[in-house]
Each structure stands twice: as structure tokens, then as C-alpha cells.
2 protein chains.
Amino acid sequence: MDDPQIRNMDDFASVSGISRPTLSKYFNNPDSVRASTRKKIEAALEKFDYRPNIYAINQNRRQTKNIGIVVPYLADPFFAEIARNVETLVIDAGFRPIMLSSHGDPAQELSNIESLRSIKPAGVLLAPLGRTSDRARIKAFCEDVPTVLFDANLDGVGEAFVGSDNDQSIALIVEYLCRTGTPPVFFEMKTPANPNAIKRRTAYMAVMEKLGHTPHLLQVEGEGWDFEEVGFREGTRVLSDPALPSRTILCSNDRLAIGMLSAAFELGEKVGISPDCTLRIAGHDDHPFARYTCPGLTTVSQDYSAIARTSAESLFSIIESENRREARGTTMFQGRLVMRKSA
Amino acid sequence: MDDPQIRNMDDFASVSGISRPTLSKYFNNPDSVRASTRKKIEAALEKFDYRPNIYAINQNRRQTKNIGIVVPYLADPFFAEIARNVETLVIDAGFRPIMLSSHGDPAQELSNIESLRSIKPAGVLLAPLGRTSDRARIKAFCEDVPTVLFDANLDGVGEAFVGSDNDQSIALIVEYLCRTGTPPVFFEMKTPANPNAIKRRTAYMAVMEKLGHTPHLLQVEGEGWDFEEVGFREGTRVLSDPALPSRTILCSNDRLAIGMLSAAFELGEKVGISPDCTLRIAGHDDHPFARYTCPGLTTVSQDYSAIARTSAESLFSIIESENRREARGTTMFQGRLVMRKSA
DNA sequence: AATACTTTTTGACGCGCGTAAAGTTTTGTA
DNA sequence: TACAAAACTTTACGCGCGTCAAAAAGTATT
């Protein structure tokens, strides 16, 4: 780093011996200038500490390099993990990720996309809240900004959707549970906050009917995103109820199951598949902590990295193709049964 | 919303009947204009959809309204939770939070602060990686941008530090464990990734000496941030070792403890304080999931929201005082014993 | 009603960079 | 060596807003 303070691209043009428009081309895309010029510029960059002013750049470019990433609840390790995957892909593709969490709140979700609008992103990767999302306002946003939905779908909103096939994954675990013991009841929140809850409920109903069993829903009270707490509190209640229709419980997601396993432990229930067990509990998602429950949680895994990669790549291709609207694509990945000891 | 497209502040000046410089004042600080003009402007904002271009604003203002928030690992619920607290405070104070995760990687941490530099933030709230952080480069950054450290300290870096008093909190739990049973061994990673590990180790040594007991460190292998995995794998090994010096284990953090509880369960150990138990396990942090382990994890809580609030507020006051350097302040909050059933 | 004070308007410049047009140099090819 | 194509330089304008100075208008005080 040398002495003369480089204040702008003009200064840097002087010291590097390259004209400003060429520098501008270079910073926009280093491969767009001749190799010999590129070398000169990069040699100068070594010597002098200069970075283009990001605000001046974005003010004038019709399209920024920003990509918004919005997830429903970042403090949920499932979303934290998928967001981390997406973020890395966005950086590697040469974009600037702006990560926002809706904190489970539809108003925050709207405020997030409005705040994204003001930074004129090249595109947005949105995992919506789902049921509680303001579909109309989000749709309006997607008209203006190329957006790919992931994790949860909103019919007809955005350029594409990438997620898990809940029908398939729920069928997978329900069939497994039926094959290896008594058919499961389905444990969920009456007014579920998590995005795919309704899909999973209907998938459970359908596959139980198909297998010739009577579906049973345990729809418990509870608001918000503190799923473990709901699983624990309502699990304690449900497990103490002699009218519980089945001792095999499929939870709508792993976090509910984690809470319920804790409740079962407190109640002295022995959870698992061995003959002396009194209860089976299964979940859905393969949450990062699911393998450390007691016993380890049997669940269905979602392919985090495939979902992240596919949604990011389809956004990139939409951005590159100058937003020309093609048919709205839907990609759904298959769940995989993760057999541990809880069911 | 009316028809005429408002493209910039000039357009909005026309339709609102207020001059552009006055509008500029208003958007900078609504209270800086007369109430009557404010009303006129806000009436026009109701009718017309206009928001100042954020890039043009920030290009010209010497100070932006951006505040960077950097945490070591956002997929760790502890940091997710504290980051969520901080983010809310930043928004409420009228700033724009830019949340970044270092993903446990010192190179990423540097890349995060460099990327923050380019958006010219008014200030930064940084929870450093600690031991592995590039102290010199971070210090250099803090010379240019007002920065408050939280969670982990880097000596002499930044304007202030806000965190937990590890000496006090470790003493609290060690004294409790000694009072109620055999003195604990300390379980940690040999080369710990989490920021406060070393502080906790030395605090454990000191308080054990003070109480007249021989400290024992179990320093296990393991890299990275997959603490539950380390706790499980090495916990399995350690618990099977007949030479284990004490059946009371204090883990350096709750995530290690969660893994170890899982290992204990697998091994058929009964963890807890009742007479028939063979093992006691305690942690540190009061991790969001600590109450759902089997049994519930006895630990020391950190005051998330106090740390968040104090660090945010001290940054705000530094920003308002125009960065005039005062003495570097250090605030440490006391831990609180959280007695559950594991110890 | 006259005065002093506050607020707004008018007009103008600058921020740092994107980008276009026209002219000049370099490079690749025959 | 000549010549066309590609890359670069020069010149110039524009983006949307911050900000300043001077003039005008509005408000408060006596």
C-alpha cells in the first residue's frame, strides 16, 4: 500500500495508467478487458488500496449484484442451515447476499421484501411463511423482482419453486411406521406456524386412507415458533391421556418431536422400537439436532443442499436470461428415511 | 397510489408542492421541518409511492445509516438468538442492520468486515471468533469504523466490549457442583472453536484451586463447530473409560453437553441428581434447547437480551458522539444458575 | 403594525461512477 | 507489410440526492 490516497476511480486511473472507462469495464467484469490490461490493473491494485464505491456503482447500473435471501425464522437451525448453504452459493456466483429473517411474522416478511425493493436486487430467494404470508403483496413484489421461492410454495407466485415433496416423504414415513407397528397418529399445532404443515397433514390423511387405516389428528394449542415448547407442553398432556388412539406418534416436524421426546422422558416412557418400549415417536426434516435426542429421532430428511443449489441456480439462470418469463418451474426433491431409535 | 410515476425527489417535489431541499431535510429527519410542512409531505406520501434512492443517499452522506452485525456462527442457535435481539434494537433505533455470519472461519470473518467497509457503515457490532481471529486486521478495521465487540473480547480492540463474566459464571456452577456432590471434571475441545473456551478453562482451574480441589481437564479431539458431534463421539469414549476421574462433568458449553447427554443415554447411564444416578452433566450458556434435553440440562445462563441491549446502546452513543474516542469500556454481565435435572 | 427570527424556496454545484460516441492505438491475420 | 478487428483513450453527459448560499415567505414578539 502506497502513500497517495486514492479517493475515486479517477485517482486510480492516474496511478494505474489505465483510463477510467476501462477500469469501469474491468470492475464490472475482469474478463472483459485484454489480459495485458488486466495484469496492469491488478498490479496497481496490489500497490494501492482502492475499491469502487458501491453506492455510486449501484446508483447507475440498472441492475445491482445484490441478491436477497429471506427465510421465515433464522433462529430455527433448519432455516439457518439452508440459508447458510444458499448464502455460500450466492457469494460463489459473484453476487452479494442480503440475508433477512422474517422472525415468523408476516408483517416482518413484507417489511423485508419492501426493504429489498429499495436496494434494487438482481433477484430474491424467498422462503415464505406460507399460510400466513400476504400472498397478494408478495405476488406484486415478484412481478417487479425476479424471485424464486424455496421450502414453501405460494401458488403462482414467483418464477419458480424448489422444495421437498411432502406427499412422498410423509408417505415414506407413514408406510414405514405402519409396516413396523401400529399406525401413527399425527401430532401438529392447530394453527401451525411452519410453512409446510398443511401439506403434511393432508399427505398424512391421504396415505392413511390409502393404507386402509383411520387417520387421527392431534391438533394442539400453541402459537408462534417455539415448537419445542409446544411439543413438550402438549406432549406431556397428550401422552398422559389414556384416550390417546395410538402409541405411535408422527410429529409434523422434528422440533415438535424434540419437545415431545423430552416430555416422554419426563413421564418415564420408554421410546423406541425394542419390545419393552411403550411409545414410538417420529419427526420430519432431519433437523440438525435430531440425531442427538434421546433416543435418536427417526425422521425423514430433506435434501438441504440440493434445495439450496437448485433454487440458487434457477435464480441465476433467470437473472442471466434477462428476466424473460418462461413457464413457472417447480422442482421437488424426495425425502429419505432416516432410521434412528425413536421409531 | 396515483398514476404519475414518481422517479425521483424532483418529481415528488412537484406533486407534493414542497421544494426538494426541504424534502431532503424531511427524509433525513422528519422532525427537522415545520409540523405543517411535515403534514403536507406525509399526505403526499400517502397518495404517491415514493422512496428516496438508497444508493444516491448513501453516496453523498458522509455517514450511512448502516450498522454491521457480525457473529461467528449463525447456525448456532445461541448466536442466532443474540443476533435476532441485536437486529431488532438496531432497526428500532432507525438504522439498517446488515447481518453477517463468519461461519466459524477466520478468513470469512475478515471478508465480512472488508465487505462491511465497502458499505461505509456508521458502526459495527462484532462478536469475534476469538482465539482464531486475525486480531491485527480487525484492530485496523476498528480504527476506521466505530466498533463494539460483544460475546468475546479481543484485548484493546474496538471501542467497547460487552459480554458475560466467565470467571463469575464458571465459579457459580463449579461451586454448586462441588457443594452438591463430587467436584467436576472440565470437558472441552483441545483446540476449541468457540470464543470463550479458554476463559472458561482458566476460570475452572482457578475456582477448583480456590476450593481446594484438583482440577481435571478432559481435552478431546475435534475440529470445527459441530459441537454436538464432538460431545457425542468423545463423550462416548470418555464415559466408557474407567479412568474417568469424576462422574460429574462440566462441559465448556451447552452444545457439547447436549452431545454428551445423548452419549450417556446410549450407554444406559442415568444422568441426574437422584441417588440412583450414575452421572452428572452440566453445561454453560443456557442454550435455547437446553431445557429439552433428557434430562433437562443444568447450566449457567447468559443474559442474551442484556448483552444485546448494552452493546447496541453503547454503539449508538459512540455514533452520536461523533466517534470521539473515550476510554474503552468493558461491561460484563453475571451468569445465573439454571438448575434442571442433569446435575 | 413593525420588527426579528425561523423556515422554506430557488438555484446551483458536487459526489463517484455508468455509459455512449468518436478518435487512437494495439492486436491478430493473411 | 498491410489491413481489419478489437481494445483502449478522450470527452462528455447523466444518475438521484446532499448541501450550500441567498432570497423569499412565514411565524412569533413587542
Side-chain angles (χ1 to χ4, degrees), chain A residues 4-45 48-66 94 96 117-122 322, chain B residues 4-45 48-66 94 96 117-122 322:
Chain A
Q5 273 301 321
I6 314 292
R7 311 208 147 276
N8 53 39
M9 208 180 272
D10 268 314
D11 287 1
F12 187 64
S14 308
V15 299
S16 64
I18 306 290
S19 73
R20 196 176 65 71
T22 304
L23 289 176
S24 177
K25 273 193 74 179
Y26 168 84
F27 285 115
N28 212 326
N29 175 13
D31 292 331
S32 66
V33 302
R34 210 154 40 206
S36 57
T37 327
R38 189 161 55 244
K39 276 202 170 174
K40 279 192 222 168
I41 296 173
E42 276 156 8
L45 279 175
F48 304 95
D49 182 25
Y50 167 71
R51 325 178 72 176
N53 180 308
I54 200 167
Y55 299 109
I57 291 175
N58 284 332
Q59 173 172 21
N60 297 312
R61 253 211 287 262
R62 57 176 96 94
Q63 185 139 276
T64 69
K65 284 281 186 184
N66 299 329
R96 269 180 55 86
R117 201 194 280 276
S118 75
I119 63 169
K120 304 187 191 307
E322 301 282 334
Chain B
Q5 273 302 321
I6 314 293
R7 311 207 147 277
N8 52 39
M9 208 180 271
D10 268 314
D11 287 2
F12 187 65
S14 308
V15 299
S16 65
I18 305 290
S19 74
R20 197 178 65 70
T22 304
L23 289 176
S24 178
K25 274 194 72 178
Y26 168 84
F27 285 115
N28 214 325
N29 175 12
D31 292 331
S32 65
V33 302
R34 205 155 41 204
S36 57
T37 37
R38 188 161 57 243
K39 276 202 170 173
K40 278 191 221 166
I41 295 173
E42 275 154 8
L45 278 175
F48 303 96
D49 182 24
Y50 167 72
R51 325 178 72 174
N53 180 307
I54 199 165
Y55 299 110
I57 291 175
N58 285 332
Q59 174 172 18
N60 297 313
R61 252 210 289 259
R62 57 178 94 96
Q63 184 139 276
T64 68
K65 283 283 187 183
N66 299 329
R96 270 180 53 86
R117 202 194 279 276
S118 74
I119 63 169
K120 305 186 191 307
E322 301 281 332

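The structure presented is a predicted model; accordingly, all values stated were derived computationally and were not measured. Protein chains get the first letters and strands the later ones, always in sequence-line order, with residue 1 at the start of each.
Here the side chains of A:Asn58 and A:Ile119 are not in contact, with every heavy-atom distance at 4.5 Å or above. Taking the side chain as every heavy atom from C-beta outward, B:Ile6 and B:Asp49 never approach each other to under 4.5 Å. For the pair B:Ile18/B:Thr37, a side-chain contact is recorded, criterion being any heavy-atom separation below 4.5 Å from C-beta on.
Helix bend of the helix from C:dA1-D:dT30 to C:dA30-D:dT1: the angle between its two end axes, each built from five pairs, comes to 10° after rounding to 10°.
Here CE of A:Met9 is found 12.5 Å from OG of A:Ser14. Values are rounded to the nearest 0.5 Å. Remark: A:Ile57 CD1 to B:Gln59 CD distance equals 10.5 Å, nearest 0.5 Å.
For B:Arg51, the salt bridge (Lys or Arg N to Asp or Glu O under 4.0 Å) partners are A:Glu114, not counting sequence neighbours. Taking A:Asn53 as the reference, A:Tyr55, A:Ala56, B:Lys120 meet the side chain to side chain contact (heavy atoms under 4.5 Å, CB included) condition, with sequence neighbours excluded. In this structure, the side chain to side chain contact (heavy atoms under 4.5 Å, CB included) partners of A:Lys65, at least two apart in sequence or on a different chain, are A:Arg61, A:Phe95.
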Query raised in the report: Would B:Phe12 and B:Ile41 count as a side chain to side chain contact (heavy atoms under 4.5 Å, CB included) if you check the C-alpha gap in whole Å, the side-chain angles of each, and the deciding distance to 0.1 Å?
Result: CA-CA 9 Å; B:Phe12 187 65; B:Ile41 295 173; 4.3 Å; yes
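Of the residues in residues 34-44 of chain A, A:Arg34 come within less than 4.0 Å of DNA chain C through at least one heavy atom, sorted by number.
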Using atom types as modelled, flag every donor-acceptor pair under 3.5 Å from a side chain in residues 20-27 of chain B to any protein atom, sequence neighbours excluded.
unit_1  : atom_1 : unit_2  : atom_2 : d
B:Thr22 : OG1    : B:Ser19 : OG     : 3.0
B:Lys25 : NZ     : B:Ser32 : O      : 3.2
B:Tyr26 : OH     : B:Glu42 : OE2    : 2.8

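Nucleotides of DNA chain D with any atom under 4.0 Å from a heavy atom of chain A span, from 5' to 3', D:dA7 to D:dG16.
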Protein and nucleotides 17-23 of chain C: nitrogen or oxygen contacts under 3.5 angstrom:
unit_1 : atom_1 : unit_2  : atom_2 : d
C:dC17 : OP1    : A:Tyr50 : OH     : 2.5
C:dC17 : OP1    : A:Asn53 : N      : 2.8
C:dC17 : OP2    : A:Met9  : N      : 2.4
C:dC17 : OP2    : A:Tyr50 : OH     : 3.4
C:dC17 : O2     : A:Asn60 : ND2    : 2.9
C:dG18 : OP2    : A:Ser24 : OG     : 2.4
C:dG18 : N7     : A:Arg20 : NH1    : 3.4
C:dG18 : O6     : A:Arg20 : NH2    : 2.9
C:dT19 : O4     : A:Arg20 : NH2    : 3.3

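When every heavy atom of A:Asp11 is checked against every heavy atom of A:Gln5, the shortest pair comes out as OD2-O, 3.6 Å. Residues B:Thr64 and B:Ala122 share a closest heavy-atom pair of O-CB, 3.3 Å.
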